[in-house]
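Just so it is clear, the values below take in all heavy atoms, side chains as well, and ignore hydrogens, waters and symmetry mates. Atoms within a ligand are numbered from 1 in the order they appear, just like the ligands themselves.
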Amino acid sequence: MTQKFDFADALDLSEDTALSWRSLGELAAGYIEVQNTYRAAIREINTKLEILDDEFRMRHQRNPIHYMQSRLKTPRSIMEKLRRKGLPFTPESVRENLTDVAGIRVICHYIDDIYMVAKLLTAQDDITLVRETDYIKNPKPNGYRSLHLVVQVPVFFAERTERVPVEIQIRTVAMDFWASLEHELRYKAAEDVPDYLVKELTECAEIINRTDMKMQWIYKALGEIKDVGKKN
Ligand code: GTP
Ligand code: MG
């Protein structure tokens with residue numbers, strides 16, 4: 001299979017700039033390899049999560065995971081990030097410095113599901129937890145909530161095994177609703193979002209969080225009623 005890839009075009013670079021790095025062909029080939037590696041890592045993690053979700057369903061008659069999304073960072077945003085951090089523009093530099101080329105978002109039903117999924121995944125023998133940022137226990141000042149993990153998963157190729165980082169964002173349906181709209185609003189606003197609207201958005205995040213906690217409480221309370229019913 002041959003893949004054509006115009007590096008300068010994809011990255012929005014002038015020919016001169018692109019050529020001053022390395023030969024375009026070499027870079028393009030390097031990028032295709034990087035892309036294949038990260039795509040494989042996404043598949044590995046997706047399968048692990050699906051297996052955990054299926055097993056939970058078999059035991060508890062419900063799925064903890066509502067749905068999953070994955071994405072590969074585009075060449076353009078890889079380059080922008082390298083440029084921002086003053087790092088070299090090479091496939092090696094991507095491998096060494098970026099942990100969010102492969103990204104998976106896991107949308108759960110309840111807050112407890114988030115921690116359960118994270119615990120079961122990171123407990124697996126071949127998974128290494130590189131970083132955990134808990135924006136649920138410590139929300140961002142704007143109200144953003146999610147559990148962020150960076151894990152490494154081994155990917156087995158014909159002649160080598162590579163441990164590949166994957167960034168996983170785990171959040172509830174409600175947190176995802178807020179984050180999607182907040183992202184869109186921020187993106188659409190040509191200038192900075194005015195303070196009073198930022199405050200309103202943060203308030204929405206707090207309301208959503210209260211709802212999340214109440215739903216979790218209702219779920220548990222119903223479970224207890226059922227358990228009592230079974231005993232009687
Ligand atoms: P970068 O990866 O360079 O952005 O910096 P970082 O690693 O410090 O970022 P962090 O782990 O905080 O966030 C990474 C990703 O989380 C972003 O690309 C978004 O997808 C998501 N995220 C973080 N903060 C917010 C936020 O305030 N609003 C929304 N909608 N998403 C956010
Ligand atoms: Mg990041």
Mark up the atoms of ligand 1 that fall under 4.0 Å of a heavy atom belonging to Arg105, in ascending order.
-> 20 (O)
So for Arg84 against ligand 1, with non-hydrogen atoms under 4.0 Å, the contacting part is side chain
Mind checking whether Val106 and Val173 sit in one hydrophobic cluster, side chains of I, L, V, M, F, W, Y counted as touching below 4.5 Å?
-> no
Under 30°, 30 to 60°, or over 60°: which ring-plane class applies to His148 and Tyr135, parallel, tilted or perpendicular?
-> perpendicular
Looking at Asp100, which atoms of ligand 1 are within less than 4.0 Å of one of its heavy atoms?
-> 2 (O)
Close-contact set for ligand 1 against Ala179 heavy atoms, below 4.0 Å = 30 (N)
Within the distance-only criterion (no hydrogens, no angle test), does the side chain of Asn63 pair as donor or acceptor with the backbone N or O of Ile65 below 3.5 angstrom?
-> no
Taken in chain and number order and not counting sequence neighbours, the residues that satisfy salt bridge (charged side-chain N to carboxylate O under 4.0 Å, His left out) with Lys119 are none
So is Glu182 polar-close to ligand 1, meaning N/O to N/O under 3.5 Å?
-> yes
Does the side chain to side chain contact (heavy atoms under 4.5 Å, CB included) test come out yes or no for Met116 and Asp112, once each step is laid out?
-> CA-CA 6 Å; Met116 178 192 64; Asp112 284 359; over 6 Å; no
Answer with side chain, backbone, both or neither: which part of Asn142 has a heavy atom less than 4.0 angstrom from an atom of ligand 1?
-> side chain
Does Gln169 reach ligand 1 with a nitrogen or oxygen that is under 3.5 Å from one of the ligand's nitrogen or oxygen atoms?
-> yes
I would like to know whether Arg39 and Glu44 meet salt bridge (charged side-chain N to carboxylate O under 4.0 Å, His left out); could you show each step before the answer?
-> CA-CA 9 Å; Arg39 196 179 288 129; Glu44 295 285 353; over 6 Å; no
Per-atom contacts, ligand 1 versus His183 - under 4.0 Å to a heavy atom | 30 (N)
Compare all side-chain heavy atoms of Leu121 with those of Lys48 and state whether any distance is below 4.5 angstrom.
-> yes
In ligand 1, the atoms that come under 4.0 Å of a heavy atom of Arg186 are 26 (C), 28 (N), 29 (C), 30 (N)
Would you mind listing which atoms of ligand 1 come within a distance below 4.0 Å of any non-hydrogen atom of Tyr135?
-> 10 (P), 11 (O), 12 (O)
Taking only heavy atoms of Lys140 into account, list the atoms of ligand 1 that are under 4.0 Å away from them.
-> 12 (O), 23 (C), 24 (N)
Which segment of Arg171 sits under 4.0 Å of ligand 1 when only heavy atoms are counted = neither
Can you tell me which residue pairs pass the ring-ring contact (aromatic ring centres under 6.0 Å, His included) test with a partner in residues 33-71, sequence neighbours excluded?
-> Phe56-His60, His66-His109
